There are 2 protein chains.
Amino acid sequence: MKTLRMERLLKKNPVQVNRVEIGFCDVAFVAKALADENRLRIILSLTQGKKSVSRIVEELGISQPLASHHLKELKRTLLVTVERSGPFIYYELADHRIAAILTDLDGLATDLLANRTTF
Amino acid sequence: MKTLRMERLLKKNPVQVNRVEIGFCDVAFVAKALADENRLRIILSLTQGKKSVSRIVEELGISQPLASHHLKELKRTLLVTVERSGPFIYYELADHRIAAILTDLDGLATDLLANRTTF
DNA sequence: TATACATATAAACGTATATTTATATAATAT
DNA sequence: ATATTATATAAATATACGTTTATATGTATA
C-alpha cells in the first residue's frame, strides 16, 4: 500500500532523530539527474529503446559534446546503461520505473502549472 | 494505461519535429524543485500535514532563512500552498501526487544505488 | 508605543553546472 | 598507414544555486 511505503520512507529518512539529521541524498542524487531539460529529453527519447549518441544528437538537435556530457551524467547516476557495438555506443534506460516517474512528473507539472496566475 | 500515457507524453514533447525542438520545460521546472536534499526533506516533512516555518526549522535543524528560501522555491514551483494564521505561516503540499512521486523516486534510487560498484 | 516573536528579504560568497569550442581517442574502411 | 567516422574529454566561460549573515517586515502582546 502507498501509505505503508511512505511510512517506510519516513522511517528510513526521519525528519528529525534526536536532533541528528539523516540524509536524503540518494533521492536527491537521482532527482538532480532529472532536473535538466536536455536530460529529460534524452530520457524520453530512450523510452523508445536503446539508441546511439549520434542518433540522440540528431533527434534532439544538440551538439555532440553536450549529448556526451549529459549521457555521462545519466550514467553516473546509473539511470542508463552503456554498451559498445563497433564504433557506436548505445545508451539504454536502466530501469522501467524511470519512464513511469517521468510520466507522473509530467502529469503533476501539467496540472500544477495549468492554472497558475503568475510566474 | 501506462503505455497510452507515455505516448501522449511523447506526442506532447516530440523528441524531434522537423528539426524544430519542443520544450520539456514544465517537467524540468518541477523536477528542479525536487533536486535538493533540504527541499526533499521539507516535502517529506509536509507529507505529515500542514506545518509552520518554525516547526520545519526545528524538525530539520536548518536555519530559518534557509527554510524560508527553500519554501519560497517550493511555492514558486507551486508544489506547496501558503496560508497565514496570526504570526505563523503554514505551508502545505499542493498535491497528493508529490508524496507518491517522492516514494517512487526513493524506491528507484534505492534499487539503482544498491549494487553500485563505484561512485 | 515598545517589546518580542515569526517570517521574509537582501547581500555576499563559494560552488556546481550547462554550454561552447577545440582536441583527443577509438574503431572502421580505403 | 591514412583518412573518416563516432564518441569522449578538456578548457573556458557564464550562469544558476545553496548557504550564511545581517536586516527588514509583520503580527501580537504588555
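Just so we're clear, the structure is a prediction, and the values are computed from it rather than from any experiment. Below, chains carry the letters A, B, ... as their sequence lines are ordered, and counting in each starts from 1.
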Mind calculating the distance between CZ (B:R84) and P (D:dG26) to the nearest angstrom?
8 Å

Bounds of contact between DNA chain C and chain A, in 5' to 3' order, using a heavy-atom cut-off under 4.0 Å
C:dT17 to C:dT28

Could you tell me whether A:K50 and A:E83 have a side-chain N and a carboxylate O separated by less than 4.0 Å?
yes

Return whichever of B:Q64 or A:K32 has its heavy-atom-nearest nucleotide of DNA chain C closer to the 5' end.
B:Q64

What verdict does the side-chain contact (heavy atoms from CB on, under 4.5 Å) test give for A:I43 and A:L74, after you've listed the backbone C-alpha separation in whole Å, the side-chain angles of each residue and the deciding distance to 0.1 Å?
CA-CA 9 Å; A:I43 291 175; A:L74 291 174; 4.0 Å; yes

Without decimals, in angstroms, what is the distance between A:R55 CZ and D:dT5 C1'?
18 Å

Integer-rounded Å distance: D:dA6 C1' and A:K51 NZ
18 Å

Grab the CG-P distance between A:D36 and D:dT15 for me, whole Å please.
17 Å

DNA chain D: B:E73 or B:P65, which has the more 5' nearest nucleotide?
B:E73

Is the count of non-hydrogen atoms from other residues, nucleotides or ligands lying under 6.0 Å from B:K75 atom NZ greater than 12?
no

Which is more 5' along DNA chain D, the nucleotide nearest A:P87 or the one nearest A:L66? Just name the residue.
A:P87

Nearest-angstrom distance from the residue atom NE2 of B:H69 to P of D:dC17
9 Å

